Amino acid sequence: MDHPTPTNSDVNTLPDDASTAMATGKGSERLDPYRLTSDAIQEPPTSLGRALREVGPGLILAGSIVGTGELIATTGLGAAHGYTLLWFILLSCVIKVFVQTELGRYAITHGKTTLAAFDTLPGPRLGTSWMGWLWLIMMLTTQAQIAAMEGLVGQAGHMAFPGGTTWVAGWAGRVVPGWGTYLESHPEHFWSTLTALVAIALLLSGGYRRLEKITTILVALVTLMTLACVLGLPWTDYPIHWGQLSHGFDLALPATGVALAVSTFGITGVGASELFAYPYWCIEKGYARSTGPRSDDEGWARRARGWLRVMQLDAWVSMVVFTVATVAFYLLGAAVLQPQGLVPKGAGMIEVLASMYVGPLGVWTREVFLLGAWAVLFKTLYVATAANSRLTTDFLDLAGIWTHSTPAARDRTTRAFCVIYPLMALGLYFAFREPKGLVAVGGYAQAMMLPLIAGATLYLGRRDADRRVLSSFPTEAITWLAFFAITAVALYSAWHDLLGPLLWPSR
């Protein structure tokens with residue numbers, strides 16, 4: 001490897017279970033995907049069927065993506081602006097995948113994680129690259145999104161088990177009278193706290209593999225139910241008319257609500273956080289390890305091209321999954337919530353979101369939605385915390401703030417942040433109790449970070465180019481287009497929401 005990546009080398013003994021390795025740190029050092037050795041080389045699959053069996057990092061990413069962005073920001077955007085921004089949602093889902101695959105390309109061909117790669121960028125340094133510090137700021141800001149997830153799971157828990165909330169409040173009131181009163185006026189707080197503690201326990205105990213199987217089924221269930229709900233709208237009181245839908249491709253932005261639109265762009269599809277995390281998942285999956293140490297040998301180039309094709313297939317399969325889910329949520333917000341004047345916000349957000357299903361499909365879907373919402377949000381909370389903890393450990397090592405001489409030391413640091421981040425997010429929710437606002441803050445930070453990620457990725461690809469494993473000309477051209485589109489959105493937002501009001505406060 002070109003850089004000693006500070007990531008736990010005690011990975012899962014099953015190299016094809018990247019998600020377990022990322023979340024738990026369990027397994028055998030001999031299968032450490034961050035240490036590239038010639039004895040771990042594997043030939044890439046030569047058929048589509050075999051390649052599909054190697055898909056994984058993108059689907060893990062999709063499990064993280066289909067969360068607050070879809071349930072809150074996307075439906076809220078549809079509820080506020082109708083079908084007008086459908087084109088914007090589709091652009092958000094598709095355009096960033098090209099940056100994602102280029103980051104994956106660099107990770108596989110150079111054996112470097114995202115922060116290790118960005119650590120080689122020119123410019124100011126304070127221990128590590130300026131890009132690493134910007135990631136840290138963005139990541140801390142996105143804890144607001146984690147806070148929203150915990151709060152929404154709490155709301156869903158209270159709605160599903162109101163009797164349990166009453167019992168807990170009564171029991172707490174007998175211990176300390178003030179606690180009972182507090183829990184009665186903040187019923188979701190008990191379930192939010194329980195959610196955070198369960199997430200911490202699973203992160204520390206290594207229960208992700210079992211949880212992944214269960215929640216993957218539940219995420220698929222809520223996505224399919226949402227898609228079925230959209231397809232069934234023509235036979236309900238909320239039909240989608242082609243005339244209305246066609247306005248979604250007018251390429252127009254609303255005069256108001258630009259901040260919400262940009263925030264949604266930042267977190268729908270592959271957000272900045274997911275772009276940073278994706279190379280870690282690819283390396284944990286074993287793509288770089290199977291390719292082997294970088295060399296001038298043509299065999300290495302052939303393997304690299306083969307595993308790059310697998311990585312690209314992985315990215316595009318996941319794009320189809322999260323795009324279908326995102327568009328379905330947006331259409332439900334536009335078709336069901338907007339005509340009723342309902343905008344999901346505050347402590348009753350989950351109740352409003354549940355009405356998207358109850359209205360078209362009937363009361364029976366309420367409990368199914370609550371279960372699906374729990375699965376979607378909890379899985380996102382879990383995967384995001386596992387990834388953020390890994391990246392934080394990486395950052396601290398690169399910056400020289402908290403170096404780790406052994407894998408066990410790095411593992412202890414990672415586990416510490418698996419405790420710190422859920423508790424930090426819980427405190428944020430208790431302080432603000434507004435999921436929509438928390439999601440908007442995190443989404444806005446990610447949207448501002450996207451142009452820097454795209455630009456840095458293009459720079460590294462050009463600087464360290466190897467003609468044997470370069471992307472095709474059309475792919476490179478679209479990646480540049482993605483960079484310009486992402487930058488345009490960020491600049492428009494900065495002008496509309498920051499510079500414009502400062503220069504012309506009366507406008």
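From a predicted model like this one, the values you see are computed outputs, not experimental measurements.
- Taking a cutoff of 4.0 Å between a charged side-chain nitrogen and a carboxylate oxygen, Glu298 and Arg303 do not qualify as a salt bridge.
- Considering only heavy atoms from C-beta on, Trp281 comes within 4.5 Å of Val383 through its side chain.
- Judged purely by atom type and a 3.5 angstrom limit, Gln446 uses its side chain to pair as donor or acceptor with the backbone of Ala272.
- Side chain of Thr413 to backbone of Ala409: a donor-acceptor contact under 3.5 angstrom is found.
- Among residue pairs with one or both ends in residues 315-331, those qualifying as side-chain hydrogen bond (donor to acceptor under 3.5 Å, both in side chains) are Glu70-Thr326; sequence neighbours excluded.
- Within a 6.0 Å sphere centred on CZ of Arg463, other residues, nucleotides and ligands contribute more than 12 heavy atoms.
- A donor-acceptor contact closer than 3.5 angstrom links the side chains of Tyr278 and Asp314.
- Using a 4.5 Å heavy-atom cutoff, the side chains of Phe483 and Val99 are not in contact.
- Listed here is the closest heavy atom pair of Cys229 and Leu332: SG-CD2, 3.6 Å.
- At least one side-chain heavy atom of Leu52 sits less than 4.5 Å from a side-chain heavy atom of Val317.
- Between Thr84 and His247 the shortest side-chain heavy-atom distance does not fall below 4.5 Å.
- Residues Leu381 and Tyr421 form no side-chain contact, since every pair of their non-hydrogen atoms from C-beta on lies 4.5 Å or further apart.
- Residue Thr414 forms a side-chain hydrogen bond (donor to acceptor under 3.5 Å, both in side chains) with just one option from Thr393, Asp394, Asn388, and that option is Thr393.
- Residues Cys418 and Tyr382 fail the side-chain proximity criterion, which asks for heavy atoms closer than 4.5 Å.
- The shortest non-hydrogen separation linking Thr120 to Lys112 is CG2-NZ, 3.4 Å.
- Looking only at side-chain heavy atoms (C-beta outward), Ile486 and Lys96 come within less than 4.5 Å of each other.
- The shortest side-chain heavy-atom distance between Trp300 and Thr109 falls under the 4.5 Å cut-off.
- Checking side-chain atoms of Glu150 against main-chain N and O of Leu426 turns up a donor-acceptor pair under 3.5 Å.
- Remark: the backbone N or O of Gln42 is paired with a side-chain donor or acceptor of Trp307 at under 3.5 angstrom.
- Aromatic ring orientation, Trp135 versus Phe395: tilted (interplanar angle from 30° to 60°).
- Nearest heavy atom pair, residue Val270 against residue Gln100, reads CG2-OE1, 3.1 Å.
- Panel note: side chain Asp119, backbone Ser129; a donor-acceptor pair is recorded below 3.5 Å.
- Separating the CD atom in Glu54 from the CZ atom in Arg309 is a distance of 13.5 Å, to the nearest 0.5 Å.
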